[in-house]
There are 2 protein chains.
Amino acid sequence: MIAAMTDPMDRQETPAPLRTLPSRLLALVASHADRIVSEGLATADARKWHYAALVALRESGPMSQAELSRRTGIYRSDLVAVINELSARGFVERAPDPGDRRRNVVTMTTAGRSHLERLDKLIADLQDTLLAPLTDAEREEFTRSLGRLLAHHTRSELR
Amino acid sequence: MIAAMTDPMDRQETPAPLRTLPSRLLALVASHADRIVSEGLATADARKWHYAALVALRESGPMSQAELSRRTGIYRSDLVAVINELSARGFVERAPDPGDRRRNVVTMTTAGRSHLERLDKLIADLQDTLLAPLTDAEREEFTRSLGRLLAHHTRSELR
DNA sequence: GGTACATCGTTAGTCGCACTAACGCAACGG
DNA sequence: CCGTTGCGTTAGTGCGACTAACGATGTACC
């Protein structure tokens, strides 16, 4: 092994140091993001999943828990607790579906709707905090890349 | 509010649907990334933390566990197990520091070094899998944005 | 020289999230 | 009818992030 030359050419050989490994950066940034969002939501006595569930209900109207689970990615096991919490706060109602008695239909209440609107503002602020160092154009490109990565990997996992 | 024109000005009003919320995308993509990397490393009987620790040791030479913890971000509580595993496989050695008897000095063995080189290749492949849908230029921009976000938020947290 | 304080490695344990297993019930398809 | 599938629920596992506390050691200050 020849020692001396600090040739720029050998960069291909050098493995990425930890600080630039995409998977690692992703994990670290995601954990910061998670903290920012969770702590922010906590100030409104809410959790990420509350928000996810409420948004899904606003977008698509009342639906069964199973459907809600698919849309939000929350496991149906864990969804039980989320619905419990939301209904305890009066934001959703859970009622058996007369058409298919296996199902519970989850419906957002008007209190839920206005709560969600408060959360919307909060979440928007938090996204802003998260992406603070990026320009608007960079934020968009960044988000689009994330979307493409997600689409790619959720597809290839279903395959 | 003047309605007609699709003025870029009103983007503020519409709350982001879940599928484009940066914090959510980040969490989902990070979890995919984590699975890809963890499963990949498992085929080489390794874990993320093994890799992180070994890379740090290669970059900076032997160091105490506390130092290693700071560099890798692994909590010193959890680092104990990592060092146990690595030393059980013969990749590092743990010896008391004669200069400061509170410390253990962790040193990478030659077996560790060659194991790390195998892992380097594996990791490079996995990053490639992860970033598959992005072009080289996009990957770089993406990674750079992640780096900036991380730097920003780790700073503001120390503040 | 003591004493208060900080650092190190370690053990144990908490918390939240992703995920599995199994159950009883209801619906559907042959 | 009966087997299969979908549903809501409970319980529990595994793991990563993180805290608390400990004994042993080192450092700083008076």
Side-chain angles (χ1 to χ4, degrees), chain A residues 23-24 26-39 41-42 46-53 62-87 92-106 153-154 157, chain B residues 23-24 26-39 41-42 46-53 62-87 92-106 153-154 157:
Chain A
S23 60
R24 170 165 239 257
L26 215 32
L28 293 174
V29 174
S31 107
H32 280 282
D34 192 73
R35 259 191 332 117
I36 290 172
V37 170
S38 297
E39 288 175 5
L41 285 177
R47 306 192 189 179
K48 297 181 292 179
W49 287 342
H50 295 191
Y51 186 68
M63 61 184 95
S64 73
Q65 295 186 196
E67 189 56 29
L68 200 46
S69 162
R70 284 181 219 106
R71 303 235 187 195
T72 57
I74 305 173
Y75 266 64
R76 66 189 216 275
S77 329
D78 302 323
L79 191 55
V80 176
V82 176
I83 303 295
N84 285 344
E85 292 164 5
L86 286 175
S87 84
V92 304
E93 272 163 5
R94 173 161 41 190
D97 181 341
D100 181 344
R101 302 208 324 269
R102 293 170 303 178
R103 288 181 166 83
N104 281 342
V105 179
V106 181
H153 287 106
T154 46
E157 144 189 296
Chain B
S23 61
R24 170 165 239 255
L26 216 31
L28 293 174
V29 174
S31 107
H32 279 284
D34 192 72
R35 260 192 330 117
I36 290 172
V37 170
S38 296
E39 288 175 4
L41 285 177
R47 305 191 190 183
K48 299 182 292 181
W49 287 343
H50 295 190
Y51 187 67
M63 62 183 96
S64 72
Q65 293 185 198
E67 189 55 29
L68 201 47
S69 163
R70 284 181 218 107
R71 303 234 187 197
T72 56
I74 306 172
Y75 268 65
R76 65 186 217 270
S77 330
D78 303 323
L79 191 56
V80 176
V82 176
I83 303 296
N84 286 343
E85 292 164 5
L86 286 175
S87 83
V92 304
E93 271 162 8
R94 173 161 42 189
D97 181 342
D100 181 343
R101 302 207 324 268
R102 294 170 304 180
R103 289 180 166 83
N104 282 341
V105 179
V106 181
H153 287 106
T154 46
E157 142 189 297

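All chains are named by letter (A, B, ...) in the order of the sequence lines, taking the proteins before the strands, and each is independently numbered beginning at 1. Note that these values count all heavy atoms, side chains included, but never hydrogens, waters or copies made by symmetry. Because the structure is predicted, anything quoted here is derived from the model rather than measured.
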Between [atom2] of [N] and [atom1] of [X], the distance in whole Å:
X: A/N104; N: D/dT9; atom1: CG; atom2: C1'; answer: 10 Å
X: A/R102; N: D/dC7; atom1: CZ; atom2: P; answer: 6 Å
X: B/R101; N: D/dA24; atom1: CZ; atom2: P; answer: 12 Å
X: A/R35; N: D/dC18; atom1: CZ; atom2: C1'; answer: 11 Å
X: B/R47; N: D/dA17; atom1: CZ; atom2: P; answer: 12 Å

Are side-chain heavy atoms of [X] and [Y] found at a separation under 4.5 Å?
X: A/V82; Y: A/T72; answer: no
X: A/V106; Y: A/E67; answer: no
X: B/R24; Y: A/K48; answer: no

Check your understanding: When the nearest nucleotide of DNA chain C is assigned to A/W49 and to A/D97 on a heavy-atom basis, which residue is associated with the more 5' position?
Key ->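 Per heavy-atom nearest nucleotide, the more 5' residue is A/W49.
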
**Study point:** Earlier contact from the 5' end, DNA chain C, for B/S64 and A/S38
**Key:**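 That would be B/S64.
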
**Study point:** Most 5' of A/S31 and A/D100 on DNA chain D, judged by nearest nucleotide
**Key:**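 The residue closer to the strand's 5' end, by nearest nucleotide, is A/D100.
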
Review point. When you look at B/L86 and B/R94, which way does the side-chain contact (heavy atoms from CB on, under 4.5 Å) test go after all the steps?
Key: CA-CA 10 Å; B/L86 286 175; B/R94 173 161 42 189; over 6 Å; no

Check your understanding: Who passes side chain to side chain contact (heavy atoms under 4.5 Å, CB included) against B/A30, sequence neighbours left out?
Key ->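 By the side chain to side chain contact (heavy atoms under 4.5 Å, CB included) rule, B/A30 matches A/L26, A/A30.
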
Review point. Hey, is the side chain of B/Y75 poking within less than 4.0 Å of OP1 or OP2 on D/dA17, counting only N and O atoms?
Key: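 Result: no.
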
Review point. At under 4.0 Å, does any side-chain N or O of A/R76 touch on OP1 or OP2 of D/dG8?
Key: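 For D/dG8, neither OP1 nor OP2 has a side-chain N or O of A/R76 closer than 4.0 Å.
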
Practice item. Using modelled atom types only, decide if a donor and an acceptor are shared between the side chain of A/S69 and the backbone of A/I74 within a distance under 3.5 Å. Key: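 Present.
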
Check your understanding: Counting only N and O atoms by type, is there a donor-acceptor contact under 3.5 Å from the side chain of A/S38 to the main-chain atoms of A/R35?
Key ->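 Absent.
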
Practice item. Taking all non-hydrogen atoms of both residues into account, name the closest pair between A/V80 and A/Q65 and its distance. Key: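 Minimum heavy-atom contact is CG2-NE2, 4.3 Å.
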
Review point. By a strict heavy-atom criterion of less than 4.0 Å, which residues belonging to residues 77-84 of chain A are in contact with DNA chain C?
Key: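 Nucleic-acid contacts, sorted: A/S77, A/D78.
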
Review point. Which of these, A/V29, A/L28, A/I36, sits in a side chain to side chain contact (heavy atoms under 4.5 Å, CB included) with B/H153?
Key: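 One option only clears the test, and that one is A/I36.
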
**Study point:** Start and end of the DNA chain C segment that chain A contacts, any atom under 4.0 Å from a heavy atom
**Key:**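 Contact span on the strand: C/dC17 to C/dA27.
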
